[in-house]
Amino acid sequence: MTLEVGKVYTLKMNSGEEMIAKVTKLVTDTTVEVENPVSVAPGPKGMGLVPSMFTADPDLSVTINTSSVAMYCQTDDSVKMKYIEATTGIQVPEKKLILG
């Protein structure tokens, strides 16, 4: 796997779960550390983000075995903004063009 530290990725796990997380460290060839992993889950208003691990300390990184990942890609910008808002509380302004 070729992941870059500091980027937000969508990971499709072998179990079928879809997860979004920010890569914090490439530990070995087979493990990667991420922060704030959330799972994509259906909700009453469409898809939502829920914590992937409910009882983990939210201030600690999570280690993922890369052999458990079926596929991955960088997260779509609109979803990434919602991820940042959900995990940090920071609301990222939408990009708009100024026409004059």
Side-chain angles (χ1 to χ4, degrees):
M1 287 182 81
T2 306
L3 299 171
E4 293 181 45
V5 172
K7 293 197 175 184
V8 177
Y9 289 93
T10 299
L11 309 166
K12 186 72 163 186
M13 309 306 285
N14 291 336
S15 64
E17 177 184 13
E18 189 167 321
M19 181 185 299
I20 300 171
K22 182 178 180 180
V23 174
T24 57
K25 184 178 181 183
L26 304 174
V27 182
T28 68
D29 289 344
T30 59
T31 57
V32 61
E33 278 187 10
V34 299
E35 66 181 18
N36 301 318
V38 296
S39 296
V40 179
K45 296 181 182 179
M47 301 307 276
L49 303 176
V50 296
S52 295
M53 299 175 69
F54 290 100
T55 60
D57 183 339
D59 296 327
L60 298 177
S61 293
V62 175
T63 302
I64 295 176
N65 184 333
T66 57
S67 65
S68 298
V69 179
M71 57 184 150
Y72 71 96
C73 65
Q74 286 190 25
T75 304
D76 177 76
D77 282 342
S78 63
V79 176
K80 182 169 60 173
M81 299 310 160
K82 293 296 182 188
Y83 166 80
I84 292 169
E85 185 178 337
T87 57
T88 66
I90 298 171
Q91 195 165 15
V92 180
E94 203 174 304
K95 293 181 183 176
K96 295 184 179 181
L97 294 175
I98 300 174
L99 301 175

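If you're wondering where the values come from, they're calculated on a predicted model, not measured in any experiment.
The list of side-chain hydrogen bond (donor to acceptor under 3.5 Å, both in side chains) pairs with a residue in residues 47-63, not counting sequence neighbours, reads Ser39-Ser52.
Going from atom CG of Leu49 over to atom CG of Asn36 covers 11.5 Å, rounded to the nearest 0.5 Å. Taking CD of Glu18 as the reference point, atom CE of Met71 lies at 8.0 Å (rounded to 0.5 Å). Note that CD1 of Ile90 and CD1 of Ile84 are 8.0 Å apart. Values are rounded to the nearest 0.5 Å. Rounded to the nearest 0.5 Å, atoms NZ (Lys12) and CD (Glu17) are 9.0 Å apart. Rounding to the nearest 0.5 Å gives a distance of 10.0 Å between CD1 of Ile20 and OG1 of Thr87.
Using modelled atom types, one side-chain atom of Thr24 and one backbone atom of Glu33 make a donor-acceptor pair closer than 3.5 Å. In this structure, Tyr83 contributes its side chain and Lys22 its backbone to a donor-acceptor pair below 3.5 Å.
Val5 and Val62 end up in the same hydrophobic cluster when Ile, Leu, Val, Met, Phe, Trp and Tyr side chains are linked at under 4.5 Å.
Val79 places none of its side-chain heavy atoms less than 4.5 Å from the side chain of Met47. For the pair Ile64/Met13, a side-chain contact is recorded, criterion being any heavy-atom separation below 4.5 Å from C-beta on.
In Met53, the CE atom is not crowded: 12 or fewer heavy atoms of neighbouring residues, nucleotides or ligands sit closer than 6.0 Å.
Checked against Val8 for a side-chain contact (heavy atoms from CB on, under 4.5 Å), the options Gln74, Lys80, Met81 give a single hit: Lys80.
Residues satisfying the side chain to side chain donor-acceptor pair (under 3.5 Å) test with Thr10, not counting sequence neighbours, are Thr75.
Here the closest non-hydrogen pair linking Val32 and Leu26 is CG2-CD2, 3.8 Å. When every heavy atom of Ala41 is checked against every heavy atom of Val50, the shortest pair comes out as CB-CG2, 4.1 Å.
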